[in-house]
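What follows is one structure encoded as structure tokens, with my remarks underneath.
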Amino acid sequence: MALLLRVIARPGVCLARPQYSVIYRHVAPMGTTAKEEMNKFWAKNAKLNRPMSPHLAIYQWSVPMMMSVTFRGTGVGLSGAISAFALLALALPGQYPYYLDLIHSLSVGPFLIGLAKFGLSFPLSFHTFNGVRHLWWDIGKGFRIPEVYRTGYTVIGLSVITSLALCLL
Amino acid sequence: MAAIVRLSSVCRRGVRPLLYQSTLLSRPLVVPHKYQEQPHLLTARIHASQALYAGAGSKAASMHWTAERALSILLLAMGPVAYFSPGPVIDYSLAAALTLHGHWGLGQVLTDYVHGDAKIKAANAGLFLLSTVTFAGLCYFNYNDVGICKAIALLWSK
């Protein structure tokens with residue numbers, strides 16, 4: 001299937017830059033894999049106790065960068081929430097409706113309930129829509145910078161609208 | 001005055017499959033364009049390169065990548081199904097798909113941030129344990145309690 005995706009994605013790519021070419025006829029075999037090289041890099045630098053160059057602290061933050069971080073954050077968060085739910089299901093003695101009634105009996109008020117619903121639905125919406133954006137990239141589309149920003153803002157807009165709609169349900 | 005090639009513009013496979021090919025990797029020789037005769041044939045050769053080196057590495061990473069995307073699409077489709085026809089079949093399917101999607105996703109996070117053979121092994125073992133318990137818990141919930149779809153419906157009804 002990867003081959004099929006590559007065949008579909010190919011027409012727009014290879015014809016792009018006719019002035020550059022690569023010859024595979026004359027090749028030099030490498031002694032190590034990229035994974036081995038990576039491990040060597042980390043082992044050497046950790047052993048020499050080298051400090052890491054500043055990266056997050058100095059690089060100018062951009063919308064795509066923040067969206068990528070948020071995508072990962074929502075993914076980890078949602079996964080953690082699912083795992084927590086599963087663990088509680090195994091550990092706690094009662095049934096789900098009992099605990100739901102327990103939470104309802106706290107009578108927090110509609111605004112806080114709406115806020116909680118938004119807090120649950122926004123990560124899910126954002127992760128879903130940005131996930132679709134990632135799949136779009138995976139078939140080779142939308143890599144130009146203006147497209148990255150356009151699809152990015154679309155994802156943000158859709159996420160907010162969807163989460164608002166969901167918490168008003 | 002050698003021409004610099006942006007690897008991404010000619011090699012559509014992406015970086016990850018390259019990381020897992022073991023022995024027979026090669027560095028391509030880059031030459032100025034005017035010294036080359038048939039660029040269209042070269043393009044064909046580059047895209048055949050995975051088949052050329054097929055014997056030299058496993059396709060496991062590439063297949064894993066594809067499986068991750070296929071599962072994501074499947075999970076996307078499960079959303080509307082869960083909404084319009086809730087029930088035990090979709091409950092258990094969601095449990096499996098969500099757990100696996102999370103497992104693979106967290107696996108990528110670990111691959112990015114955990115370095116060193118022993119730490120990688122320990123982290124992956126821990127992740128496997130977490131995913132197993134998560135799946136067990138979700139199945140237990142589906143069996144002994146109201147089930148995922150009903151739980152979400154009940155949660156949202158307030």
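By convention in this document, chain letters (A, B, ...) are assigned in the order of the sequence lines, proteins followed by strands, and residues within each chain are numbered from 1. The basis for the numbers below is simple: all heavy atoms, side chains too, and nothing from hydrogens, waters or symmetry mates.
Atom CH2 of W136(A) sits in a sparse spot, with 12 or fewer heavy atoms from other residues, nucleotides or ligands closer than 6.0 Å. The local environment of CE in M63(B) is sparse, with at most 12 non-hydrogen atoms from other residues, nucleotides or ligands closer than 6.0 Å.
Linking Ile, Leu, Val, Met, Phe, Trp and Tyr residues whenever their side-chain heavy atoms come within less than 4.5 Å leaves I152(B) and F126(A) in two separate clusters. Clustering ILVMFWY residues whenever any of their side-chain heavy atoms sit less than 4.5 angstrom apart, transitively, puts V146(B) in a cluster other than the one holding Y99(A). Hydrophobic clustering, with ILVMFWY side chains joined whenever heavy atoms are under 4.5 angstrom apart, groups Y59(A) together with W61(A). Connection of V155(A) to F71(A) is established within a shared hydrophobic cluster, with ILVMFWY side chains joined at heavy-atom distances below 4.5 Å, either directly or through further cluster members. L100(A) and L106(A) end up in different hydrophobic clusters when Ile, Leu, Val, Met, Phe, Trp and Tyr side chains are linked at under 4.5 Å.
Interface remark: of the candidates T134(B), V133(B), D145(B), D145(B) forms the most heavy-atom pairs closer than 4.5 Å to chain A. The greatest number of non-hydrogen atom pairs below 4.5 Å with chain A, out of S72(B), G102(B), A151(B), is found for A151(B). The greatest number of non-hydrogen atom pairs below 4.5 Å with chain A, out of L130(B), L155(B), L76(B), T99(B), is found for L155(B).
Atom CG of residue D138(A) and atom CD1 of residue I73(B) lie 8.5 Å apart, to the nearest 0.5 angstrom. Going from atom CG of L135(A) over to atom CZ of R69(B) covers 7.0 Å, rounded to the nearest 0.5 Å. Considering CG of D117(B) and NZ of K35(A), their distance stands at 7.5 Å, rounded to 0.5 Å. For the atom pair W156(B) CH2 and S121(A) OG, the distance stands at 4.5 Å (nearest 0.5 Å). One finds the OG atom of S83(A) at 9.0 Å from the CG atom of L127(B) (value rounded to the nearest 0.5 Å).
In this structure, chain A has a heavy atom under 4.5 Å from the side chain of L98(B), while its backbone stays farther away. V109(B) touches chain A through backbone and side chain together, each having a heavy atom under 4.5 Å away. With a 4.5 angstrom heavy-atom cutoff, L154(B) touches chain A via backbone and side-chain atoms both. Heavy atoms of L120(A) lying under 4.5 Å from chain B belong exclusively to its side chain. When heavy atoms are compared at a cutoff of 4.5 Å, I82(A) approaches chain B by way of both its backbone and its side chain. Proximity to chain B (any heavy atom under 4.5 Å) is shown, for L169(A), by both the backbone and the side chain.
Classification of the F141(B)-F85(A) ring pair by plane angle, with boundaries at 30° and 60°, yields perpendicular.
Nearest heavy-atom pair, Q95(A) versus N144(B), reported as atom, atom and distance to 0.1 Å: NE2-O, 3.0 Å. H101(B) and H127(A) get closest at one heavy-atom pair: NE2-NE2, 4.2 Å.
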